[in-house]
Amino acid sequence: VPPTCDWRKLPGIISPIKQQGNCSCCWAMAAAGNIEALWGIRYHQPVEVSVQELLDCGRCGDGCKGGFTWDAFITVLNNSGLASAKDYPFLGNTKPHRCLAKKYKKVAWIQDFIMLQGNEQAIAWYLATKGPITVTINMKLLQHYQRGVIQAMHTTCDPQRVDHSVLLVGFGKSKSVAGRQAEGGSSRPRPHHPIPYWILKNSWGAEWGEEGYFRLHRGNNTCGITKYPVTARVDLRVKKRLVSCPP
Amino acid sequence: RSLKNQDPGPQPLELKQVFVLFQIQYNRSYSNPEEYARRLDIFAHNLAQAQQLEEEDLGTAEFGVTPFSDLTEEEFGQFYGHQRMAGEAPSVGRKVGSEEWGEP
């Protein structure tokens, strides 16, 4: 596992930050981001897939009322792929819509999906060598989050009560305390040691958090990040294909 | 120069001023004075909560005003969380006739 990894640094892999608005569709947006990233890594072509198709064509047909990332992957498998976000755009309201999957050309598809081992070392290895994955966390602290690395105790952020899916796009270590003070952060006392962290892509718009992203402490299952690490697989032809995440 | 003439520097904003800035930044308006008062209360509670989170955080995270600062924790969970089975592991059916049946 490399010391750092950030898929945002490789052009065409991570799509722009999405905005779910009044629709509880984090699960669909995280899954779409996962497919987009893996498609970009495998085929060297940026793609943006239809989140609305995932909402309209799921088993329950009421995607704005919540779900899990595996619901999205099952829909992609059942429909043999996804249309582009441009053809089948996101509407962002809670009213159920008719499934229009057959109307548009598929721009990306998956072979299957898997749940990874629930330990952070295995997740880091998979992330660095295969690509971004979806995780489901306890989002309680995100309501008031502005920036920086969240390092919460399990009493503050219960790892068993996970309720929000996001895309894991990288990891790293924060600078030493001197470096952070030079950046001009807040004046409260800071840890003196570098903090290992995960970089996560949220779906609440680019105005939220660190331009739509946030960071969680890596190493003690902060906010339940290891509970449901799930990813699609876009290619099974070369089973041992490993790719390199930019440091 | 005497102390009296010195610039006191930036003063802390009143809660209502901060709330006005929040409303402008995130384009919020409320249907009636009662709703405004309720949201102001929630906003004040959330600012205190954010301050407490920042004190308790062991990392470098900063907490404060966000687009969700006028929502209760329940509303936030309802609008932005999973809703369906929130916090619960999905039920996994056991195979009929599995050896696991009957075991603790």
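All values below were derived from every heavy atom in this structure, side-chain atoms included, with hydrogens, water molecules and symmetry-related copies excluded. Letters A, B, ... mirror the listed sequences (proteins, then strands); counts begin at 1.
For residues 32-47 of chain B, a heavy-atom distance under 4.5 Å to chain A picks out Asn46(B), given by residue number.
Within the 4.5 Å cutoff, side-chain heavy atoms of Phe63(B) are placed close to those of Ile150(A).
Summarising the local packing, CD of Glu211(A) is surrounded by 12 or fewer heavy atoms from other residues, nucleotides or ligands at distances under 6.0 Å. In the displayed structure, Asn22(A) atom CG is contacted under 6.0 Å by at most 12 heavy atoms of other residues, nucleotides or ligands.
To the nearest 0.5 angstrom, His144(A) atom NE2 is 7.0 Å from Glu73(B) atom CD. For the atom pair CD (Glu54(B)) and CG (Leu141(A)), the distance works out to 12.0 Å, reported to the nearest 0.5 Å. Going from atom OH of Tyr80(B) over to atom SG of Cys23(A) covers 10.5 Å, rounded to the nearest 0.5 Å.
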Does Trp204(A) form a ring-ring contact (aromatic ring centres under 6.0 Å, His included) with Phe76(B)? I'd like the steps, not just the answer. CA-CA 12 Å; Trp204(A) 296 344; Phe76(B) 176 67; 5.4 Å; yes

Under the side-chain contact (heavy atoms from CB on, under 4.5 Å) rule, what do Asp57(B) and Thr156(A) come out as? Steps first, then yes or no, please. CA-CA 9 Å; Asp57(B) 186 70; Thr156(A) 315; over 6 Å; no

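A donor-acceptor contact shorter than 3.5 Å is absent between the side chain of Gln146(A) and the backbone of Thr66(B). Formation of a donor-acceptor pair under 3.5 Å by the Gln143(A) side chain with backbone atoms of Leu71(B) is found in this model. Between the Thr60(B) side chain and the Gly148(A) main chain, no donor and acceptor come within less than 3.5 Å of each other.
Scanning for side-chain hydrogen bond (donor to acceptor under 3.5 Å, both in side chains) contacts around Ser203(A) gives Gln20(A), with sequence neighbours left out.
For the residue pair Ser24(A) and Phe79(B), the shortest heavy atom distance occurs at OG-O, 2.9 Å. Taking every heavy atom of both residues into account, Ile195(A) and Leu58(B) meet most closely at CD1-O, 4.3 Å.
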